[in-house]
K.L.:
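My questions will all concern the structure given below.
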Amino acid sequence: MKTINIAIDGPAGAGKSTIAKMVSARLGYIYVDTGALYRAVALYITENSIADADIEPALANADVSLRFVDGAQRVFIGDRDVSDLIRTPEISMAASRTSAIPAVRKYLFGTQQKIAAENNVIMDGRDIGTVVLPNADVKIFLTASAEERAERRYKELAEKPDCPTYEEILADIKQRDENDMTRKESPLRQAEDAVFVDTTELDLEQSADEIVRIIREKTDRK
């Protein structure tokens, strides 16, 4: 039976990962967090102080992978679980920069396509519907206002030590948007056949409900 591929693209902080996880659980699909893969590569490059000119040969030893541990997706570099280390603001910004490097995208491209060819997947990122899975059964462009995205991120980090201010998070999000939309390699953009979904006024459950509705409508699967 043909696999079903769902592509969800959108800017940083739009809730793609959280919503995609909820939808995949409801539909029984595998969730593929491509952003986590790019963050792991950024962590590897940062920790090893690898210069841009040396990235391509260095990636041969990176061994970045997604694994399921106790039913949850975790990110590894070799045998080291880095799922928590990749969620810092520093690595977020580093991932935005390194994801524009062709060698990095090439390194992860095959991994993403192989997973999609073998499973029913929901894959989220910046260029899934435009580059990675151009023939996806359903494409969704998920977004929210920069202010709403910053507010959500601030609430998420508020209880942690050294939490950035709302203004710092908003500035970071706007910079990441600019970086992602203007990079030469696979810039962030809405695919022509993608469904636009704005979650500014929706909570997580409402957002997930809308994505599930679109997928069921377009795939005729209940």
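These numbers were taken from a predicted model, which means no experiment stands behind them. Each residue takes its place number in the sequence, starting with 1.
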K.L.:
Would you say Ile77 ends up clustered with Ile101 if hydrophobic residues are merged whenever their side chains have heavy atoms under 4.5 Å apart, either directly or through other cluster members?
P.N.:
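Linked, Ile101 and Ile77 end up in one cluster.
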K.L.:
Do Lys218 and Lys139 come close enough that some side-chain heavy atom pair is under 4.5 Å?
P.N.:
no
K.L.:
Could you measure the distance from the NZ atom of Lys16 to the CG atom of Leu142? Nearest 0.5 Å is fine.
P.N.:
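Result: 7.5 Å between the selected atoms.
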K.L.:
Within the 4.5 Å heavy-atom criterion, are Asp124 and Ser17 side-chain neighbours or not?
P.N.:
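Counting from C-beta outward, Asp124 and Ser17 do come under 4.5 Å.
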K.L.:
So which pairs with a foot in residues 49-63 pass side chain to side chain donor-acceptor pair (under 3.5 Å), sequence neighbours left out?
P.N.:
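Matches after skipping sequence neighbours: Asp52-Arg97.
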K.L.:
So, taking the atom named OG in Ser186 and the one named CG in Asp9, what distance separates them when rounded to the nearest 0.5 Å?
P.N.:
10.5 Å
K.L.:
If two hydrophobic side chains count as joined below 4.5 Å and joins carry through other members, does Val132 share a cluster with Val64?
P.N.:
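Yes, Val132 and Val64 fall within the same hydrophobic cluster.
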K.L.:
Do Arg26 and Asp209 meet the salt-bridge criterion of a basic N to acidic O distance under 4.0 Å?
P.N.:
yes
K.L.:
Do Leu37 and Gln112 make a side-chain contact, defined as non-hydrogen atoms from C-beta onward lying under 4.5 Å apart?
P.N.:
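Sidechains of Gln112 and Leu37: in contact.
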K.L.:
So, does Asp203 use its side chain to make a donor-acceptor pair with the main chain of Glu205 at under 3.5 Å?
P.N.:
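Between the backbone of Glu205 and the side chain of Asp203 there is a qualifying donor-acceptor contact (under 3.5 Å).
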K.L.:
Of all residues at least two apart in sequence or in a different chain, which pass the salt bridge (charged side-chain N to carboxylate O under 4.0 Å, His left out) check with Asp79?
P.N.:
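Asp79 satisfies salt bridge (charged side-chain N to carboxylate O under 4.0 Å, His left out) with Arg67 only.
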K.L.:
Closer than 4.0 angstrom, basic N to acidic O: yes or no for Glu217 and Arg213?
P.N.:
yes
K.L.:
Where the side chain of Gln190 meets the backbone of Ala194, is there a donor-acceptor pair that is under 3.5 Å apart?
P.N.:
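Such a contact is found between Gln190 side chain and Ala194 backbone.
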K.L.:
Output the distance between atom OG (Ser24) and atom OH (Tyr29), rounded to the nearest 0.5 Å.
P.N.:
10.5 Å
K.L.:
Counting only heavy atoms not in Glu192, do more than 12 sit closer than 6.0 Å to its CD atom?
P.N.:
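No, the 6.0 Å shell around CD holds no more than 12 heavy atoms from other groups.
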K.L.:
Distance check, rounded to the nearest 0.5 Å: Thr165 atom OG1 versus Leu170 atom CG?
P.N.:
9.5 Å
K.L.:
With clusters defined by side-chain heavy atoms of hydrophobic residues (ILVMFWY) lying less than 4.5 Å apart, directly or transitively, does Tyr31 cluster with Leu27?
P.N.:
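Cluster IDs for Leu27 and Tyr31 differ.
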K.L.:
Does Asp81 use its side chain to pair, donor to acceptor, with the backbone of Ser83 at less than 3.5 Å?
P.N.:
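Answer holds: yes.
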K.L.:
Which atom pair, heavy atoms only, marks the closest approach of Val75 to Leu66?
P.N.:
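Closest approach of Val75 to Leu66: CG2-CD2, 3.9 Å.
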K.L.:
Please tell me if the side chains of Pro11 and Leu188 come closer than 4.5 Å, counting only heavy atoms from C-beta onward.
P.N.:
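Result yes, sub-4.5 Å side-chain heavy-atom pair found.
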K.L.:
Identify the residue among Ile169, Thr18, Thr199 that makes a side-chain contact (heavy atoms from CB on, under 4.5 Å) with Arg152.
P.N.:
Thr199
K.L.:
Under a 4.5 Å side-chain heavy-atom rule over Ile, Leu, Val, Met, Phe, Trp and Tyr, are Leu204 and Ile140 clustered together?
P.N.:
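The answer is yes; both residues are in one hydrophobic cluster.
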K.L.:
With side-chain hydrogen bond (donor to acceptor under 3.5 Å, both in side chains) as the test, would you mind laying out the steps for Arg126 and Thr34 before giving the verdict?
P.N.:
CA-CA 9 Å; Arg126 303 289 193 279; Thr34 63; over 6 Å; no
K.L.:
Minimum heavy-atom separation for Gly13 and Arg149, please, with both atom names.
P.N.:
O-CG, 3.1 Å
K.L.:
Hey, are Arg74 and Asp33 close enough for a salt bridge, meaning a charged N less than 4.0 Å from a carboxylate O?
P.N.:
no
K.L.:
Calculate, to the nearest 0.5 Å, the distance between atoms CE and CD1 belonging to Met123 and Ile115 respectively.
P.N.:
6.0 Å
K.L.:
Taking atom CG of Asp162 as the centre, does the number of heavy atoms from other residues, nucleotides or ligands within less than 6.0 Å exceed 12?
P.N.:
no
K.L.:
Among residues at least two apart in sequence or on other chains, which ones pass salt bridge (charged side-chain N to carboxylate O under 4.0 Å, His left out) with Asp127?
P.N.:
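Arg105.
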K.L.:
Look at the side chain of Arg39 and the backbone N and O of Ile86, then say whether any donor-acceptor pair between them is shorter than 3.5 Å.
P.N.:
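Side chain of Arg39 to backbone of Ile86, a donor-acceptor pair under 3.5 Å: yes, one is there.
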K.L.:
With sequence neighbours excluded, tell me which residues meet side-chain hydrogen bond (donor to acceptor under 3.5 Å, both in side chains) with Gln113.
P.N.:
none
K.L.:
With a 3.5 Å cut-off and no angle check, do the side chains of Arg183 and Ser99 form a donor-acceptor pair?
P.N.:
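Ser99 and Arg183 do have a side-chain donor-acceptor pair below 3.5 Å.
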K.L.:
Rounded to the nearest 0.5 Å, how far does OH of Tyr107 lie from OH of Tyr38?
P.N.:
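These two atoms lie 11.5 Å from each other.
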K.L.:
Any side-chain donor-acceptor pair under 3.5 Å between Arg189 and Thr130?
P.N.:
no
K.L.:
Can you give me the closest heavy-atom contact between Ala144 and Ala14, atom names plus distance?
P.N.:
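Heavy-atom minimum between the residues: N-CB, 4.5 Å.
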K.L.:
Answer yes or no: is there an ion pair linking Arg87 with Asp84, defined by an N-O contact shorter than 4.0 Å?
P.N.:
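So Arg87 does not pair with Asp84 through a salt bridge.
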K.L.:
Got a sec, which residues hit salt bridge (charged side-chain N to carboxylate O under 4.0 Å, His left out) with Glu156, two or more places apart in sequence or on another chain?
P.N.:
Arg153
K.L.:
Using the salt bridge (charged side-chain N to carboxylate O under 4.0 Å, His left out) criterion, which residues pair with Lys160? Sequence neighbours excluded.
P.N.:
none
K.L.:
For the residue pair Leu202 and Thr200, establish whether any side-chain heavy-atom pair is separated by less than 4.5 Å.
P.N.:
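The answer is no; the side chains never approach within 4.5 Å.
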K.L.:
Is there a side-chain contact between Met181 and Pro187, using heavy atoms and a 4.5 Å cut-off?
P.N.:
no
K.L.:
Quick one: do Lys2 and Asp137 make a salt bridge, cutoff under 4.0 Å?
P.N.:
yes
K.L.:
What closest approach, in Å, do Leu157 and Pro164 show between heavy atoms, and which atom pair accounts for it?
P.N.:
CD1-CD, 4.1 Å
K.L.:
Please say yes or no: joined through hydrophobic side-chain contacts below 4.5 Å, possibly via intermediate residues, are Met22 and Val138 part of one cluster?
P.N.:
yes
K.L.:
Write down the atom of Ile122, the atom of Ala20, and the distance for their closest heavy-atom approach.
P.N.:
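Answer, listing the atom of Ile122 first, then Ala20: CG2-CB, 3.8 Å.
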K.L.:
What is the ring orientation for Tyr154 with Tyr166, classed by angle as parallel under 30°, tilted 30 to 60°, or perpendicular over 60°?
P.N.:
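Rings of Tyr154 and Tyr166: perpendicular, as their planes differ by over 60°.
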K.L.:
Does the side chain of Val104 come within less than 4.5 Å of Ile55's, by heavy atoms?
P.N.:
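They are in side-chain contact.
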K.L.:
Which heavy atom of Ala94 sits nearest to which heavy atom of Ala42, and what is that distance?
P.N.:
C-CB, 3.9 Å
K.L.:
With side chain to side chain contact (heavy atoms under 4.5 Å, CB included) as the test, would you mind laying out the steps for Thr98 and Tyr44 before giving the verdict?
P.N.:
CA-CA 11 Å; Thr98 57; Tyr44 178 78; over 6 Å; no
K.L.:
Are the side chains of Thr3 and Asn119 in contact, using a 4.5 Å heavy-atom criterion?
P.N.:
no
